[in-house]
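Note sheet for the following structure.
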Amino acid sequence: MNTVTISRRDFIKIATVAGGGLMLGFRIPSESNSADFSPNVWLRIAPDDTVTITVARSEMGQGVWTSLPMIVAEELDADWNHVRIEQADAHPVKFGSQSTGGSFSVRGSWQTLRMAGATARDMLVTAAAKKWNVAKVNCTAAQSFVRGPGGRKLSYGELASDAAELPVPHSVRLKEEKAFTLIGTRVRKLDTPSKVRGTAIFGLDVRLPGMMFASIQKCPVFGGTVASFDASAAKKVPGVVDVFQVEDGLAVVATNTWAAFQGREALQVTWNEGKWANQSSAAIRKTFESALANRGTVDNYAGNAETALASSSVTVEAVYEAPFVAHQTMEPMNCTAWVRRDSCEIWAPTQSPQPIQNQAAQILGLPLDRVTVHVTLMGGGFGRRLNPDFGIDAVRVAKAMKGTPVQVVWTREDDTQHDWYRPMTLNILKAGLGKDGRPVAWMHRIAGPSSRGLVTGGSTPPYDIPNFVVESHILETGVPIGAWRSVGPSQNAWIVESFIDELALKAGKDPLEYRRSLLSKSPRLKRTLEVAAEKAAWGTPLPKGKGRGIACVDSFGSTCAQVAEVSVANGKVKIDRIVVAVDCGTAVNPDTIEAQIEGAIAYGLSAALKDEITIDKGRVQQESYDDYRMLQFDEMPRVEVHIIPSTEPVGGIGEPGLPPVAPALCNAIFMATGRRIRKLPFGLG
Amino acid sequence: MATFTLIINGKKHAVDAPPEMPLLWVLRDLLGMTGTKFSCGRGLCGSCTVLLNGEATRSCVTAVDYAAEKTITTIEGFAEDTNNPLLEAWVAEDVPQCGYCQPGQILTAASLLRMKSHPTDTDIDAAMAMTLCRCGTYPRIRKAIKRAASRGAGKGGEE
Ligand code: FES
Ligand code: FES
């Protein structure tokens with residue numbers, strides 16, 4: 001067992017809790033470097049044995065409401081049937097950063113949650129030993145009971161109030177990982193029953209007495225504003241209560257959502273379309289193209305790629321491009337706000353409540369502690385809900401409707417046309433090979449819109465290449481850019497893993513062997529690659545018209561490799577299966593890991609095969625599911641997930657399954673057809 | 001405005017609404033039954049699916065006057081039966097991720113099983129193809145339908 005010391009900063013005990021029991025507050029270090037040491041997670045054991053864990057992490061389908069409590073319950077030796085979870089409201093002092101992104105939830109909390117469980121367990125055992133007047137070593141805890149000599153036995157609930165009288169111990173022992181009984185088992189998600197019964201409350205399901213519904217017409221051109229409008233027809237629509245201008249659009253408030261939508265249709269608006277009125281995808285591409293003629297800002301380099309390239313005997317060059325991509329969560333953006341005289345309450349399906357809270361306080365001129373943000377369940381996040389825009393919409397409308405709760409509902413079209421998109425990029429790749437076929441030089445020049453991190457993340461190859469340089473041109477396009485599931489690696493891994501395949505084939509090597517020979521610095525990634533290859537029977541002959549492709553990516557603290565198998569008939573490609581190997585450190589809930597990988601593959605395939613946002617006259621041309629299409633049920637390939645037993649630190653799982661799928665598929669298609677895909681999206685023919 | 005009698009989950013409701021108002025919004029905003037979800041409003045995704053006389057129907061493109069006097073089952077009503085083998089299968093396979101599309105998936109599957117108590121993969125593909133899930137729960141939906149079929153979820157259907 002390993003003993004960990006508990007610092008005074010990590011824990012506080014709440015001595016008196018309504019209803020009795022034991023309550024501990026502890027702090028998960030946040031990804032943002034904050035000097036704040038107040039607790040951000042609470043653990044409560046009630047007299048009825050219920051263990052409640054309150055977390056400041058949003059559940060959006062990735063299963064954190066199950067995996068986080070599992071970690072606590074493991075060290076606590078609690079009966080899983082007694083474990084409940086609660087979502088914390090936004091509170092800047094109590095919870096620090098509550099942003100849920102970067103696949104950070106489990107890996108960021110691992111150690112603290114274990115300590116929390118172990119601490120509570122230790123206090124419960126001490127309380128029992130005291131009560132029975134026996135030595136602590138003679139007491140054991142399991143399944144929410146402490147057992148002592150002579151068959152004595154008390155439940156955690158019975159001991160909780162006594163335990164609350166004890167000081168928090170200075171150190172506790174954590175279990176050896178091999179002693180885990182809950183972690184590593186398949187546990188069904190705690191929120192599944194409510195989701196299949198239709199009782200789960202998503203943002204859009206919030207209902208308050210006397211509430212109104214609103215829809216906002218924004219300028220279809222990014223950055224455009226209202227020049228003038230005529231609301232007389234809109235106001236005549238039955239159910240419409242009011243129409244007014246908010247910051248960047250026109251709000252139609254009605255007694256029901258449909259009336260608000262109808263009213264909005266009846267609006268007459270003239271826009272100041274602003275400086276992006278003539279923007280188009282073609283113009284953006286041109287801008288990128290001319291920028292790429294020159295060197296960009298160097299993001300990362302080793303050796304001297306230019307010199308090495310010039311002296312290489314064989315060179316390979318390629319241009320890769322990826323379009324803007326939207327998130328398309330099934331639940332459209334929405335938020336409910338209720339502004340009162342000196343306070344505001346907000347119900348938001350958000351991955352990041354604090355920006356909404358901060359901006360609401362500013363807009364309303366209220367102190368921060370008069371603004372409460374309740375985080376609801378959300379119908380998909382994928383990075384979209386890190387942005388506070390929809391929350392601010394609701395605050396602005398509710399401010400004008402002071403005293404009345406208002407739910408602002410975006411239409412599917414709003415969602416598609418006012419997203420924060422994955423950046424479109426244009427890339428030039430150049431590589432030089434040595435006599436043995438190994439790459440001696442690698443140059444990747446990227447042109448993309450705004451925010452360097454979003455554009456370049458994951459663009460450095462993990463391979464042994466003595467000379468490389470990654471450069472970028474960041475160009476303003478007017479199109480809002482945001483985090484899209486797995487962010488930079490989601491497209492850069494496609495480029496890196498496709499191009500390394502091109503190099504392998506140019507060198508006359510097997511793509512698996514080529515990668516293996518270049519991964520000396522990344523043993524974990526190499527191992528993951530090998531497991532995927534072995535499980536997919538890489539190297540065994542395939543009939544004509546079939547092809548296999550492989551790709552491996554290290555992202556968000558986990559390594560993932562995938563082999564795609566495709567077959568071609570009558571010019572049409574069919575994905576036969578995708579074999580996945582993943583090393584995400586200790587696997588907390590294998591069932592959730594598999595689900596997340598399947599989900600990431602569906603999401604990644606949508607982007608590879610279908611998704612493309614195009615701009616014309618400053619507007620997004622796509623509207624809904626018919627012209628911006630996601631992967632359908634009958635298009636989902638067979639996915640086989642192999643979780644590698646691992647002693648690595650806990651890694652992320654919401655995102656790492658995504659980056660390898662597009663390159664594995666493109667590499668497989670090349671093997672089957674000889675067609676090298678360098679532009680997303682591509683159809684299957 | 002007119003008054004309509006809706007028979008929802010076995011209970012009668014009288015609602016005042018314009019005849020062309022979609023059933024979806026009558027359920028969600030006039031009656032406060034939020035289990036039926038809005039996602040596109042144009043009949044493209046299936047999130048708003050209810051059973052109308054037992055058949056999967058997209059409530060966002062179904063006018064309230066058309067639904068009047070017919071038997072409407074929403075997810076809330078469908079889940080009232082606690083021994084429902086389809087829901088049991090859904091829980092056993094732990095299908096939902098974000099969960100938003102799931103009421104529509106479940107009712108679409110229920111409609112399929114009513115017509116075909118032992119659907120083949122091709123039947124399942126055809127029935128589920130246009131009910132979208134952004135979280136990619138498709139493999140588990142397939143498993144849950146098969147599990148439910150093997151436990152007699154489709155009993156009482158035609159066949
Ligand atoms: S909301 Fe009805 S089909 Fe999409
Ligand atoms: S479970 Fe999230 S959209 Fe289907």
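Reminder, nothing fancy here: chain letters follow the sequence lines and each chain counts from 1.
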So, the part of A:Tyr625 with a heavy atom under 4.5 Å from chain B: the answer is both
Q: Would you please indicate if the ring centroids of B:Phe38 and A:Phe261 are separated by under 6.0 Å?
A: yes
Honestly, the part of B:Leu132 sitting under 4.5 Å from a heavy atom of chain A is both
Can you see whether A:Tyr603 has A:Arg485 sitting over its ring - NZ or CZ less than 6.0 Å from the centre and within 45° of the normal? yes
Checked B:Arg42, B:Gln102, B:Met1, B:Glu76 vs chain A; the most non-hydrogen pairs under 4.5 Å come from B:Arg42
So, the part of B:Thr137 with a heavy atom under 4.5 Å from chain A: the answer is neither
Taken in chain and number order and not counting sequence neighbours, the residues that satisfy salt bridge (charged side-chain N to carboxylate O under 4.0 Å, His left out) with B:Asp125 are B:Arg142
If one checks every heavy atom of A:Thr257 against chain B at 4.5 Å, the contacting part turns out to be both
Carboxylate-amine/guanidinium proximity below 4.0 Å for B:Asp123 and B:Lys116: yes
If one checks every heavy atom of A:Val206 against chain B at 4.5 Å, the contacting part turns out to be neither
Cut-off 4.5 Å, heavy atoms of chain B, and the answer for A:Ala200 is backbone
If one checks every heavy atom of A:Arg207 against chain B at 4.5 Å, the contacting part turns out to be side chain
(request) Assess the side chains of B:Thr36 and B:Arg28: does a donor N or O sit below 3.5 Å from an acceptor N or O? (result) no
Donor-acceptor contact present, side-chain B:Arg140 to main-chain B:Glu93, <3.5 Å:
yes
Counting heavy-atom pairs under 4.5 angstrom with chain B, the leader among A:Ala602, A:Gly599, A:Ala600 is A:Gly599
Honestly, the part of B:Met130 sitting under 4.5 Å from a heavy atom of chain A is side chain
In terms of side-chain geometry, is the basic nitrogen of A:Arg384 or A:Asp415 positioned less than 4.0 Å from the acidic oxygen of its partner? no
Residue from A:Arg638, A:Glu331, A:Met636 scoring the most non-hydrogen pairs under 4.5 Å with chain B is A:Glu331
The interface call for B:Leu24 against chain A, heavy-atom contacts under 4.5 Å, is neither
Extract all donor-acceptor atom pairs below 3.5 Å that involve side chains of residues 9-20 of chain B and protein atoms in other chains or at least two apart in sequence.
unit_1, atom_1, unit_2, atom_2, d
B:Asn9, OD1, B:Thr74, N, 2.9
B:Asn9, ND2, B:Thr74, OG1, 3.0
B:Asp16, OD1, B:Thr3, OG1, 2.5

Turns out that what part of A:Gln262 lies under 4.5 Å from chain B's heavy atoms comes down to neither
Ion pair check, B:Asp94 and B:Lys143, cut-off under 4.0 Å
no
Run the salt-bridge test on A:Arg422 and A:Asp611 with the 4.0 Å N-O cut-off and return the result as yes or no. no
Counting heavy-atom pairs under 4.5 Å with chain B, the top scorer among A:Glu413, A:Glu623, A:Glu635 is A:Glu413
Answer key: most heavy-atom pairs under 4.5 Å with chain A among B:Cys45, B:Cys133, B:Pro103 is B:Cys45
